[in-house]
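Here's the structure we're looking at; comments come further down.
Chain identifiers are assigned alphabetically (A, B, ...) following the order of the sequence lines, protein sequences preceding nucleic acid strands; residue numbering begins at 1 within each chain. Atom set for the values below is all heavy atoms of this structure, side chains included, hydrogens, waters and symmetry mates excluded.
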Protein chains: 2
Amino acid sequence: MNITLRQLSYLIALAEERHFGRAAARVHVTQPALSTQIRELEDRLGTALIDRTDRAIRLTPAGQDVLDGARRIMGEVERIENRTRWQQGLSGRLKLGIIPTVAPYLLPVALPRLRMRDVTLDLRLFEAKTERVLDALGDGELDAAVVAIPAGVPGLVEQPLFRDRFLLAASRGSVARLNARGERPVPSNLNPNALLLLDEGHCLADQALDVCGTRREATRVDLRASSLPTLCGMVAAGFGQTLLPEISLAKECAAVPEMDVMPFADPEPHRVIGLVRRDLGGTDAWFTELGDILAAASEQLLGHDAAA
Amino acid sequence: MNITLRQLSYLIALAEERHFGRAAARVHVTQPALSTQIRELEDRLGTALIDRTDRAIRLTPAGQDVLDGARRIMGEVERIENRTRWQQGLSGRLKLGIIPTVAPYLLPVALPRLRMRDVTLDLRLFEAKTERVLDALGDGELDAAVVAIPAGVPGLVEQPLFRDRFLLAASRGSVARLNARGERPVPSNLNPNALLLLDEGHCLADQALDVCGTRREATRVDLRASSLPTLCGMVAAGFGQTLLPEISLAKECAAVPEMDVMPFADPEPHRVIGLVRRDLGGTDAWFTELGDILAAASEQLLGHDAAA
DNA sequence: TGATGTTCATAACCCCAGATTATCAAAACT
DNA sequence: AGTTTTGATAATCTGGGGTTATGAACATCA
């Protein structure tokens, strides 16, 4: 058998985690798989690379030497991938992550625009909560992702796409009553107990809690929706009120007529949706190109220029 | 799927052969296997690497770029293998090629000596004619080989092991008759028609023809042995005479008592057996160590110091 | 111009490398 | 001693990558 990139990448993971189990998790395999690959690398090279005498994993001198080479090799591999993959702009396969509170609204508008730009583009979408999207991005499973920025993860490049205002959503009656008073509501004055939120892990829920100055414990924990349409349904049924991102309005208001929205008082709370990618130092023409298309889509969707 | 070293090595072969079939042969796979790997590399990178429009294979600019990276990577891989594999001297797995006119005589003496030196050594032997041995060596399938030197192949390092004299072998009667004359035979005076040789491809046959100043066509082409024991049997049965390497004498003379040998007149014809390896610029302690053991074995076998 | 040969791509099938789950053994805590 | 943690080993299954057979495109030649 021959030495493989797989073995080298496992070695790197092991050297950095100093633990077989964690290293295995990092490269998304089970611990025995990693163990055997390391062992095979060792007898291929005829040398022990890992010092197993001690409890703590440590590299032998030879192991350190191989590790250095492995790092150079994997770096060169990554360089190859990045130089070639995108040098001809936005084409080929593109794996894009996107959060659930944006995807169903932005994509129907953005996808036709992408298709218009390049019919050969093979787009693979990955819809998941922010954390999983960013993990996948960090692992190189995704080429880029649409999330709320700043993501607060080092090593990522962020490009703002649009400013997404939050609006108060409630039943028609409640909104009419508020309107009658003639003043626009203030987020921090909302009754936490009547505030409906998305399930845990959705950044929108965190952002809503943030702008309201509330903690999750103060809210109705028995009523958490796993998607915005569900949440809107609950709001319309009079279970409470919530914050809706502007990007969802057209679709949700049409789908749930018993719900109404109204803007908050200035300064209006909002989130910024951006396109992020790993910082690889390569050309980023494709990245800005993709960003432009998505921004244009949001502009069409929001009916105005919401450049963040 | 991920990019692999296999794909990169296939790309290098293809770039150098400029031909799918030949490149496939070079890496010891069939043409479809190489084709699919190249294709997979291409769609992994999202770019055409090979310009197939023309009849002649050519790399696209991207292909050239990837090729450069691939070369760096494979170089680094090889460096890793050579640095680690032998840094602790002669141990671990050792793949050794050896020609058939040396193997059965040298090995029985050399193997115990190797084992004595290091019981952990996992020795894999490959017995084949010179050409195949050198091919395997060049491919990196072998770590070293025992052949007649100079091998005439660039990029190989040669270390002489011993001087192997050729002696005239014939039936007891013939040898007795020659001895009676009181003079030692001269190779170029042998009757080509009575000269028995090994099958084609054995370097010993070429060397015998060389020292006799004869061409193969002049010999009895209907009597070619595929091994020295067979050849000795033919000689003993009175079919003709041949040249035997000194290293084979003890064994063959004992096995075939009806055969006898006598030395040639000075300057005695001979071949030099050497240990060869690829020139990799790494440490060669293991190489000289192995050479020393083999030379000592030959010394024991030939009963004298035959340092070449 | 049709026949033939060369060359790369594709299809169908097969096998082993490498994954998984389950389990063990040894060391490090209670 | 009992429990937990961690890496190694065993048994098993699957997909990547191999092979052979065949197709399609193009060049070459009678």
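With distances taken from any side-chain atom of A:Ser35 to the nucleotides D:dG7, D:dG17, C:dT21, the minimum falls on D:dG7. Closest contact between the side chain of A:Ala33 and the listed nucleotides D:dT9, C:dA19, C:dC8 involves C:dA19. Among the nucleotides D:dG18, D:dT9, D:dG17, the one closest to the side chain of B:Val29 is D:dG18.
What separates CG of B:Leu34 from P of D:dG17 is a distance of 13 Å, to the nearest Å. In this structure, the CD atom of B:Gln31 is 13 Å from the P atom of D:dG18, given to the nearest Å. Whole-Å rounding puts the A:Ile38 CD1 to D:dG7 C1' distance at 12 Å. With rounding to whole Å, B:Leu5 atom CG is found 17 Å from C:dA17 atom P. As rounded to whole Å, 14 Å separates atom P of C:dC8 from atom CZ of B:Arg58.
For the segment residues 14-22 of chain A, no residue has any heavy atom less than 4.0 angstrom from an atom of DNA chain C.
Residues A:Leu294 and A:Leu106 share a closest heavy-atom pair of O-CD1, 4.0 Å.
Remark: B:Thr30 is not in phosphate contact with D:dG18, judged by side-chain N or O atoms under 4.0 Å from OP1 or OP2. Look at A:Thr36 and you won't find any side-chain N or O under 4.0 angstrom from OP1 or OP2 of C:dG18. Under 4.0 angstrom from either OP1 or OP2 of C:dG18 there lies at least one side-chain N or O belonging to A:Gln37. In this model, the phosphate group of D:dG18 is approached by a side-chain N or O of B:Arg6 to a distance below 4.0 Å at OP1 or OP2.
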